[in-house]
Amino acid sequence: MELVNQTLLVRDTCRILDIGGEPEYWANLIDMLGPCCWHITIVNLQTFVVEDNRFASIIGDARNLDQFSDMSFDIVHSNSVIEHVGRWQDMHAMAREVRRLAPAYFVQTPYFWFPIEPHCMTPLFHWLPESVRVSMLMRRSRGHWSKAIDIDEAMRKVQSAVLLDFQMLSSLFPDGRIASEYVCGLTKSLIAIRTAA
């Protein structure tokens, strides 16, 4: 909200790009945004039906958003997406797009050193060797991940989320500050934030 309010001090409307988001996420935040003038463009690998004219939904890849020119938006927002786009080169490509498309951004990601892996909800899971994680997922369901039917499915699930630490996120977003979200005194998530100059 601080980023939105800063934008509305100098503009009549706030244009937000949500990379990897869904309308359901914003349904929980509409009351917080209030009646102010804002428009949210949701870019995802799939499109969503949106009935509210303050929203648009388009198909796009977080790593290459060349359908938008530089600084097309006031804020880029992304919640728990960058860890799913692939390995380091893919994350770097997404970060480049975030930084290119708006003067302000808010990019949240789960923290590698939090002891519970947020996708499979298993303590210490993400700290184990990949082969052990694959074996565990082939034995039974874990959190949001169902039991893998074969090694191909298990590998895809295990490699679908690459958690970041403070130094990695700082490297991807060198022009932002890194904030922490806490649960029970432990850092659960990191947020890269850049405010408009």
Side-chain angles (χ1 to χ4, degrees), residues 17-22 24-25 42-48 58-66 76-101 105-194:
L17 176 66
D18 181 1
I19 298 177
E22 299 180 2
E24 183 180 334
Y25 172 85
I42 297 170
V43 174
N44 205 316
L45 296 176
Q46 62 181 356
T47 189
F48 300 94
I58 64 170
I59 293 175
D61 185 327
R63 298 165 297 181
N64 182 1
L65 295 169
D66 60 5
V76 173
H77 173 80
S78 186
N79 186 52
S80 294
V81 173
I82 197 163
E83 71 273 14
H84 295 292
V85 298
R87 297 295 189 181
W88 185 252
Q89 183 177 350
D90 301 299
M91 293 181 201
H92 195 273
M94 177 181 168
R96 181 191 64 238
E97 292 296 82
V98 168
R99 297 170 62 215
R100 178 182 72 80
L101 290 171
Y105 57 70
F106 184 101
V107 178
Q108 185 269 4
T109 189
Y111 183 45
F112 177 82
W113 292 110
F114 187 71
I116 299 173
E117 203 287 341
H119 306 95
C120 71
M121 304 303 290
T122 303
L124 315 180
F125 182 84
H126 53 302
W127 297 343
L128 298 171
E130 188 174 81
S131 59
V132 173
R133 289 181 280 156
V134 167
S135 177
M136 289 172 68
L137 197 53
M138 290 180 68
R139 278 193 235 119
R140 69 176 179 86
S141 298
R142 297 188 177 276
H144 304 296
W145 290 343
S146 59
K147 178 183 174 183
I149 59 172
D150 58 25
I151 194 162
D152 181 63
E153 182 182 357
M155 287 293 291
R156 289 177 190 275
K157 287 180 178 180
V158 165
Q159 292 182 355
S160 71
V162 180
L163 302 187
L164 300 168
D165 65 18
F166 186 91
Q167 187 175 11
M168 294 163 76
L169 195 63
S170 296
S171 178
L172 291 171
F173 297 99
D175 53 0
R177 70 177 173 87
I178 308 301
S180 298
E181 289 181 305
Y182 296 96
V183 170
C184 298
L186 299 174
T187 300
K188 176 187 170 288
S189 303
L190 300 174
I191 309 165
I193 304 169
R194 181 174 73 186

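As a basis for the values below, the full set of heavy atoms in this structure was taken, side chains included, without hydrogen atoms, waters or symmetry mates.
- Heavy-atom neighbours of H84 NE2 from other residues, nucleotides or ligands within 6.0 Å: above the threshold of 12.
- Listed here is the closest heavy atom pair of A179 and R177: CB-NH1, 3.7 Å.
- A 4.5 Å side-chain heavy-atom check between L128 and M136 finds at least one atom pair inside the cut-off.
- By the 4.0 Å N-to-carboxylate-O rule, R156 lies too far from E153 to be salt-bridged with it.
- A donor-acceptor pair under 3.5 Å is absent between the side-chain atoms of T187 and the main chain of Y182, judged by distance alone.
- Side-chain atoms of S160 come within 3.5 Å of backbone atoms of K157 as a donor-acceptor pair (strictly under, hydrogens ignored).
- For the atom pair CG (L101) and CG (L65), the distance works out to 6.0 Å, reported to the nearest 0.5 Å.
- Residues V43 and D18 are not in side-chain contact: their nearest non-hydrogen atoms beyond the backbone lie 4.5 Å or more apart.
- V158 places a side-chain heavy atom less than 4.5 Å from the side chain of E130.
- The number of heavy atoms from other shown groups lying within 6.0 Å of CG (L186) is above 12.
- If you take CG on N64 and CD on E97, they are separated by 6.0 Å, rounding to the nearest 0.5 Å.
- Listed for the W127 side chain is a donor-acceptor partner under 3.5 Å among the backbone atoms of F112.
- For the residue pair E117 and T122, no side-chain donor N or O sits within less than 3.5 Å of a side-chain acceptor on the partner.
- For W88 against L164, the heavy-atom pair with the smallest separation is CZ3-CD2, 4.4 Å.
- Annotation for M94 and I19: closest pair CE-CG2, 4.0 Å, computed over non-hydrogen atoms.
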Pair I59, Q46 - check side-chain contact (heavy atoms from CB on, under 4.5 Å), show working. CA-CA 5 Å; I59 293 175; Q46 62 181 356; 5.5 Å; no

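- Side-chain atoms of H119 and H126 include no donor-acceptor pair closer than 3.5 Å.
- The closest side-chain heavy-atom distance from S189 to T109 is not below 4.5 Å.
- Using modelled atom types, one finds no donor on one side chain facing an acceptor on the other under 3.5 Å when comparing S78 with Q108.
- The side chain to side chain contact (heavy atoms under 4.5 Å, CB included) test applied to D61 returns R63, not counting sequence neighbours.
- The two residues A154 and V134 have their closest heavy-atom pair at CB-CG1, 3.6 Å.
- Scanning all heavy atoms of the two residues, the minimum distance from Y105 to A192 falls at CD1-O, 3.5 Å.
- Between R99 and R194, the shortest heavy-atom contact is O-NH2, 2.9 Å.
- A distance of 11.5 Å separates NE2 in H92 from CG in D90, rounded to the nearest 0.5 Å.
- Side chains of S180 and K188: no donor on one and acceptor on the other come within 3.5 Å.
- L17 has its side chain out of reach of H77: every pair of non-hydrogen atoms, C-beta onward, lies at least 4.5 Å apart.
- Side-chain contact between L163 and Y111 is absent, with no heavy atoms from C-beta onward closer than 4.5 Å.
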Show the atom names and distances, to 0.1 Å, of all donor-acceptor pairs under 3.5 Å that link a side chain in residues 165-174 to residues at least two apart or in another chain.
| from | atom 1 | to | atom 2 | distance (Å) |
| --- | --- | --- | --- | --- |
| D165 | OD1 | Q167 | N | 3.2 |
| D165 | OD1 | M168 | N | 2.8 |
| S170 | OG | F166 | O | 2.9 |

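- Between F125 and R133, some side-chain heavy-atom pair lies under the 4.5 Å cut-off.
- Contact annotation: the side chain of M91 approaches that of V162 to within less than 4.5 Å [non-hydrogen atoms, C-beta and beyond].
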